[in-house]
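Notes follow once the structure below has been shown.
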Amino acid sequence: MSQSQTAVIIPAAGSGERLGMGVPKALVELAGETLIHRAVRNLASIAELIIVAAPIGSEDEIARAIDAPNVQVVSGGPRRSQSVANAIKVLPSNFTYVLVHDAARAFAPTDLAQRILNELVGGAEAVIPALDVVDTIKVVDSESYVINTPDRTSLRAIQTPQGFTREVITRAHAAGKDATDDAALVAELGVRVKVIQGDPLARKITTLDDLAWAKELVGHS
Ligand code: CTP
Ligand code: MG
């Protein structure tokens with residue numbers, strides 16, 4: 001098998017509960033385009049293969065919504081990490097780099113993915129985009145009493161796409177562990193994770209406020 005360079009994994013199997021639109025979030029339309037279609041379109045030029053993890057039962061609908069070459073749809077799992085792991089299972093071994101990108105960050109520009117990829121080509125094993133944190137963050141206990149206040153200058157809000165060598169991302173998911181992002185599993189291996197400047201356009205569409213931001217962006221209300 002000849003060597004291919006980059007595959008993108010898009011976890012899109014969430015239900016979109018906080019958005020509350022009654023359909024999986026990846027199928028929510030903005031300006032006539034589903035979030036999954038937009039996410040794929042923005043990353044298509046940097047990848048030879050895109051693997052999308054779809055909600056169980058919505059695989060065909062997701063495949064129809066994307067309608068692009070070099071896209072493979074797999075069933076997601078009950079947690080994001082399991083959805084990514086299911087995609088890794090079908091990832092051919094001839095890829096060198098893997099970017100993992102939330103369908104919910106459908107507006108992340110191609111340029112951000114390219115900058116992540118450039119770091120991998122330059123020798124990094126794990127690269128993630130981040131924005132500075134503007135609010136003061138507090139750690140609280142289960143009864144909402146403050147435990148401490150971490151120094152804000154050392155905090156970052158992490159986005160996707162996150163980039164890894166195929167070897168590292170495969171190893172990170174081999175034990176079937178769960179985390180809210182892939183870099184956390186990679187860091188557990190002792191691999192150094194490089195943080196680069198993120199992009200406000202890579203905002204995760206989680207709530208109706210985020211959807212309003214996205215509608216504004218595409219010029220529809
Ligand atoms: N995701 C996934 N499989 C899951 C859960 C989430 O592939 N079992 C994906 C989502 O589709 C999304 C990304 O992980 O692209 C980030 O998750 P989130 O924003 O939490 O999306 P949802 O889980 O759909 O939203 P909610 O938590 O509000 O239900
Ligand atoms: Mg979720």
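Just so we're clear, the structure is a prediction, and the values are computed from it rather than from any experiment.
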Distance from [X] atom [atom1] to [Y] atom [atom2], nearest 0.5 Å?
X: Leu189; Y: Ile169; atom1: CG; atom2: CD1; value: 9.0 Å
X: His101; Y: Thr160; atom1: NE2; atom2: OG1; value: 4.5 Å
X: Lys177; Y: Gln82; atom1: NZ; atom2: CD; value: 14.5 Å
X: Leu211; Y: Leu217; atom1: CG; atom2: CG; value: 11.5 Å

So, for [X] and [Y], which heavy atoms are closest and what is the spacing to 0.1 Å?
X: Gly16; Y: Lys25; value: CA-CB, 3.9 Å
X: Gly198; Y: Pro129; value: CA-CB, 3.7 Å
X: Ser81; Y: Leu185; value: OG-CD1, 4.4 Å
X: Ile46; Y: Thr6; value: O-CB, 3.5 Å
X: Pro200; Y: Trp213; value: O-CZ2, 3.8 Å
X: Ala13; Y: Gly76; value: CB-CA, 3.7 Å

Identify whether [X] and [Y] are in the same connected component of the hydrophobic contact network (ILVMFWY, side-chain heavy atoms under 4.5 Å).
X: Val100; Y: Tyr97; result: no
X: Ile88; Y: Val90; result: yes
X: Leu91; Y: Val73; result: no
X: Ile36; Y: Leu19; result: no
X: Leu112; Y: Ile10; result: no

Quick one: side chains of residues 49-68, donor-acceptor pairs under 3.5 Å with protein atoms, not counting sequence neighbours, listed by atom name and distance.
residue : atom : partner : partner atom : Å
Glu59   : OE1  : Gly57   : N            : 2.8
Glu59   : OE2  : Gly57   : N            : 3.4
Glu59   : OE2  : Ser75   : OG           : 2.6

Co-members of the apolar cluster containing Leu131 [side chain, <4.5 Å]: none
Kindly give the cluster partners of Ile137, where membership spreads through any ILVMFWY side chain lying under 4.5 Å from a current member. Val133, Leu155
Counting C-beta onward and ignoring hydrogens, is there a side-chain heavy-atom pair between [X] and [Y] closer than 4.5 Å?
X: Asp182; Y: His173; value: yes
X: Val40; Y: Val71; value: yes
X: Ser93; Y: Arg166; value: yes
X: Thr165; Y: Thr96; value: no
X: Val8; Y: Pro161; value: no

Which residues pass the side-chain contact (heavy atoms from CB on, under 4.5 Å) test with Asp181, not counting sequence neighbours? Ile158, Gln162, Ala183, Ala184
Short side-chain to backbone donor-acceptor contact, [X] and [Y], under 3.5 Å:
X: Thr149; Y: Lys138; result: no
X: Arg105; Y: Ala202; result: yes
X: Asp199; Y: Leu201; result: yes

Check step by step if side-chain hydrogen bond (donor to acceptor under 3.5 Å, both in side chains) holds for Thr153 and Asp151. CA-CA 6 Å; Thr153 60; Asp151 175 14; 2.8 Å; yes
Tell me which donor-acceptor pairs under 3.5 Å the side chains of residues 117-128 have, and how far apart each pair is, sequence neighbours excluded?
residue : atom : partner : partner atom : Å
Asn118  : OD1  : Gln114  : NE2          : 2.9
Asn118  : ND2  : Gln114  : O            : 3.4
Glu119  : OE1  : Lys194  : NZ           : 2.9

Do other residues, nucleotides or ligands put more than 12 heavy atoms under 6.0 Å from the CZ atom of Arg156? yes
For Arg80 and Asp178, what are the C-alpha separation, side-chain angles and deciding distance, and is it a side chain to side chain contact (heavy atoms under 4.5 Å, CB included)? CA-CA 8 Å; Arg80 183 187 181 282; Asp178 190 41; 5.9 Å; no
Can you list every pair that meets side chain to side chain donor-acceptor pair (under 3.5 Å) and has a residue in residues 26-53, with sequence neighbours left out? Glu33-His37, Glu33-Arg38, Glu33-Arg41
Going through the distances and angles, do Asp135 and Arg152 end up as a salt bridge (charged side-chain N to carboxylate O under 4.0 Å, His left out)? CA-CA 8 Å; Asp135 294 315; Arg152 194 172 62 196; over 6 Å; no
Trace of the side chain to side chain contact (heavy atoms under 4.5 Å, CB included) decision for Phe164 with Thr170: CA-CA 9 Å; Phe164 312 96; Thr170 304; over 6 Å; no
Ion pair Asp210/Arg203, N-O distance below 4.0 Å: yes
